[in-house]
Every structure is written in structure tokens, then in C-alpha cells.
Protein chains: 2
Amino acid sequence: MLTREELIEYSDEARKNYLEHISIDCVVFGFHEGQMKVLLLKNIGEEKWYLPGGFVLKREPIEMAANRILKERTGLDQIFLQQFHVFGDPDRSKVHNDMYDGMLPPEKNWFSGRFLTIGYYALVDFFEVTPQADRFSELCGWRDMDDMPKLELDHELIFKTALDTLRLQLNYQPIGYNLMPKEFTMPELQKLYETILDKKLDRRNFQRRILGFGILNRAEQPRKGGAHKAPYLYSFDLEGYKHALTEGFKGGW
Amino acid sequence: MLTREELIEYSDEARKNYLEHISIDCVVFGFHEGQMKVLLLKNIGEEKWYLPGGFVLKREPIEMAANRILKERTGLDQIFLQQFHVFGDPDRSKVHNDMYDGMLPPEKNWFSGRFLTIGYYALVDFFEVTPQADRFSELCGWRDMDDMPKLELDHELIFKTALDTLRLQLNYQPIGYNLMPKEFTMPELQKLYETILDKKLDRRNFQRRILGFGILNRAEQPRKGGAHKAPYLYSFDLEGYKHALTEGFKGGW
DNA sequence: TCAAAAGTGTTCAGGGTACACCCATGA
DNA sequence: TCATGGGTGTACCCTGAACACTTTTGA
């Protein structure tokens, strides 16, 4: 929580630089040790959790704004980002507003206005991210998707919508290039799908189907050293992958 | 095009009532005589065509704003409306701004600001619509989808994105309840699908597939009076339809 | 040598595709 | 009676789902 002076300073800065009434919130998905992770922020001195978010500069395309915001939180550039919904209930930021209400007259306080928020979700490589808190937060870090705290504002809804969109996307687009390390085994990739969908898939059918998409390259040498039979290593075939991204998997009609 | 006085009046009104930087643009699809139609507006005294659009009242949920805007243009309430994308390029409204540039200082002119626009598409019953021009337009009416004029601003892109989204939607949701009259024949419904997808479908396979979705009721009496064999009349089974809307058609994974 | 992980193959059923045939009706 | 539109049925193939067997490897 900011002091009155900090709030004044922040509000003036924000009003000068950012578009009013607009914010961006990001659901950042990562994958590590068979667990789906989401990047969350925790307020200073409070048990209040938020999705990473920010505002749009006055002359900035919204895609770039989302990129910039995520770069500040993760250190990553050129992230896979997908806009998925605008949340525009007039009361959606009510609680947030309340927090700083009374501290300043509304016309002075950046946070007291109404904000529409544009939801983006991102898929990132867990190992490449260096979570970085912002000035409102004492903590920015990964959280297991099946061990999420209660989120403030409508961030619970934003998260849920992002997850639904991601699941839908699995049906007609490839997923994984941004979530997996360069090389991985088939069971590891399967675990990713199982985690996103929250259900078990058949080993053999998964393999056949995924390979059928033509988006994977198999390395010559299998991984060694582990116990049991050495699994093959795969990497994404960027060309096939991008083609599948634009064309989609199944015909439908 | 407005006069200077009208622009001042409009700007003052707008600034008082609407959220700044935000607009809504709607792609309204209708279907008539085997043709897909789109609702367009033509500027007064110019060959400039636009999608119907508007702004969001300061305390209004965005869904309601889209509904209100469409009601003003079509006379219809409770339309099937689907948010599909936000267009946020800072230069997207440049041309539009230019039109009224110089007439007023920017801080006075509502149109000179940057606008993000939220795209909605609507599916409506052609016969129920009474197109109604707004104060900027001399004409509001249906236009055949394969005979579209050039659209101003980025409305071409917005339209195209809406159509793509609609086509994608055909794969996992039922379409037609909002586009067809109460009762219709199977060939008529097929024509709708063919028009949206812009390709021919097999008569028999279409019928089997559509019926398999369990969203249609067949009337006892076939339509009479036409030449040739009398076709059966169908209507949508609202319960099944809504179930299919929420559940979706195909499993995917 | 055995349990567990991983690679590969086979069978079966259901759905999509491509057909052909029959019926009704007005010109 | 025939061209046309419309309803119904069938054969085939492909794909996805379910399932079994073999190979590798460290304990």
C-alpha cells in the first residue's frame, strides 16, 4: 500500500503517461516439474494476491503494452501473448478503488476511476523467467495452479477465462513451444497437456496424434543417464509449428 | 459531416457521458435470400462506409453498451452478441481524427483522442431489423457480404476478424437460431452454413450431422404450396441449442 | 531378475465422405 | 411425364479409443 505522497506522485505520473480507463491484466502460465504455474503478485504487507497488470502508454499499441508489462515482471521479451477478453463491468475495480479511497479526492486519484481491463495470457518457459515485483508488491512469483490463493478484484474470473481459452486452444492449435525447454521427451510433453486439461491421456494415442501434427523433430540420441529405458528427445519443428499456429489442426466443417 | 457548432455540442455531450478512449464497433450479420448481409452506415454526403459503433456510458457495463448501440441501429433488443477482439493500434482512428482535425483544438474535440475499440459481432433475424441511421449517417442498411464497399478506418480488419471468428465458432457451437426465422427448411439452414463458410456442403451429410446435434425439432406438417416435393419445417430446440452453446460440439482432446 | 518407464503395434467402433435411390409436385 | 427439389439409406475409409507386447535399465 502506498503512502499519500506516493499515491499523489504515482497518480500524477500515471495521468500524464497512460490512457485513462484502460488496464491490462496478464495470466502468465509456466510449467515446471509436472505442475502448471501461474505468475502472481502479493501486495506489500497484505495477504492480497493479484495478476500482473499495468497500463497502456498514450501512444503505445496494446500488444506492446502487454509485452512491456510482462517484460517488467518476467524479464522476458517476445513472449507468446494472446489477447482473450475485455472485462468491462463498471464495478470490477471497486474493491481496488476502495483501498485508496478517501486518501485523495477522486479527480486526483488515478485508481479511483473506472477501468476496463484487457486480458492477455502468456505461455513462457519457466526457467527463463526472473520474477520481479512492482512497487505495490512485496512478492512476485510462481504459484501452482492447483494451489492458488484467492485473487482480488475480478482476477479470479480473468484467470478462469484465460484457462478456459487455453483449453479451447488446445483443440485447434499447437501448444508447448513456449512452455517446454528446447528438448524434451514425449512423456514430458504429455504431462503438459494432461496438466492443462486436468485429465489423463493415453500414452500411445497421445504420441501418435502429436506426431501426426508434424510439429516435432526427434533427436538422434535418446536421453541417457536416467533410470529405465532411455526416452527419445524431441524439439519443436518451428516451421511446422508456425504453420499449425496459423492454419489450425482440424477442419471442422 | 458535422458543422463546427454541432461538433462542439457533440464533443461536450460525449465528454460528459462517455468513457474516453473507448469505443465499440459492431459487425451485425443477417441472412436473407441465401445471402449473408452486414449492417453498414454511410456518412452524410460522402462515399464513406462504417460499421455501426458507439461509446460506453460512464457507469455502463460494456455488454450493455453494445446492446444499446445495436438497439439504436436495429431496433432490436436482447441480440445475440459476442465480444471478439480489441483493436488498439494508436493510429487506428487516424483518418477519422483527420476529418475533424483543425476544426477544433484537440482538447475540445471528442474525436481527436485515441480510441481503443471493442469489437462485437451480432447475429440477427433479417426481418426483425429496422435499420436506423445515426446523426453522422445518411444511410443505415444491409449490404451483401460479397458486395461490400471499402470500409473506413480499420473497419475492414474488424469485419474480417469477426467473420473469421464466426467461422471458427461454427466448429464448436450451433449457429442459426438468431439468423433464421422461427421455422425453416433443412436446405435453407444449409444455405446459411454454406454462405458463412463460403463453400458447398453435401446435402445428406449436412442433414445427418445437424440432426445429430440434437438442436432441431421437426414440425409435423411439411411446408406446402411450393413447387416440387414439400420440405419439412424445422425449428430450433431451445433447450438443446443452449446446451450446445455452453457445452460445445466436439471433444477435441 | 524384476519393476518401471518407454517404444511400437493392433483391433474395433463411430463418424465423416461420397455416393444412389426414391418420392412429390408443378410445368 | 419429366425435370427439379427434397427425403432417406449405404458402403467405405479414416481417425480416435482401448488395449498388449516388447525393450531398456538401474536397483
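These numbers were taken from a predicted model, which means no experiment stands behind them. Lettering of chains follows the sequences in order, A, B, ..., and the numbering in each one begins at 1.
For A/Arg204 against C/dA6, a side-chain-to-base donor-acceptor contact under 3.5 Å is absent. With hydrogens and angles left out, the side chain of B/Arg203 and the base of D/dG7 share a donor-acceptor pair within 3.5 Å.
Regarding A/Arg209, its CZ atom lies at a distance of 12 Å from the P atom of D/dA18, rounded to whole Å. Look at CG on B/Leu211: it is 12 Å from P on D/dG9, rounded to the nearest Å. As a whole-Å value, the separation of A/Phe206 CZ from D/dA18 P is 16 Å. For the pair B/Lys229 NZ and D/dG5 C1', the computed distance is 9 Å after rounding to whole Å. Whole-Å rounding puts the A/Leu201 CG to D/dG16 P distance at 13 Å. As rounded to whole Å, 10 Å separates atom P of D/dG7 from atom CD of B/Glu188. With rounding to whole Å, A/Ile210 atom CD1 is found 16 Å from C/dG7 atom C1'. In this structure, the CZ atom of B/Phe213 is 11 Å from the C1' atom of C/dG16, given to the nearest Å.
Contact annotation: B/Arg218 side-chain N/O to D/dT8 OP1/OP2 distance is under 4.0 Å.
Under the side-chain hydrogen bond (donor to acceptor under 3.5 Å, both in side chains) criterion, B/Glu138 pairs with B/Lys42, sequence neighbours left out. A search for ring pair (Phe, Tyr, Trp, His ring centres under 6.0 Å) contacts involving B/Phe159 returns nothing, not counting sequence neighbours. Evaluation of the ring pair (Phe, Tyr, Trp, His ring centres under 6.0 Å) rule for B/Tyr234 yields no partner, not counting sequence neighbours. Listed by chain and residue number, nothing satisfies the ring pair (Phe, Tyr, Trp, His ring centres under 6.0 Å) test with B/Trp49 (two or more places apart in sequence, or in another chain).
The side chain of A/Gln207 lies closest to C/dT8, out of D/dT25, D/dG7, C/dT8. Which of C/dC19, D/dC19, D/dG6 sits closest to the side chain of A/Asp202 comes down to D/dC19. For B/Asn205, taking side-chain heavy atoms from C-beta onward, the closest of the listed nucleotides D/dG5, C/dG7, C/dA18 is C/dA18.
Mapping B/Met186 and B/Arg208 onto DNA chain D by nearest heavy atom places B/Met186 at the nucleotide closer to the 5' end.
Applying the ring pair (Phe, Tyr, Trp, His ring centres under 6.0 Å) test to residues at least two apart or on different chains, none of the pairs has a partner in residues 61-81 of chain A.
With 3.5 Å as the limit, one finds a donor-acceptor pair spanning the side chains of B/Ser137 and B/Asp134. For the residue pair A/Gln35 / A/Asp146, a side-chain donor-acceptor distance below 3.5 Å is found, with atom types taken as modelled.
For the helix from C/dT1-D/dA27 to C/dA27-D/dT1, the terminal axes (five pairs an end, C1' atoms, rotation from four pairs onto the next four) enclose an angle of 10°, given to 10 degrees.
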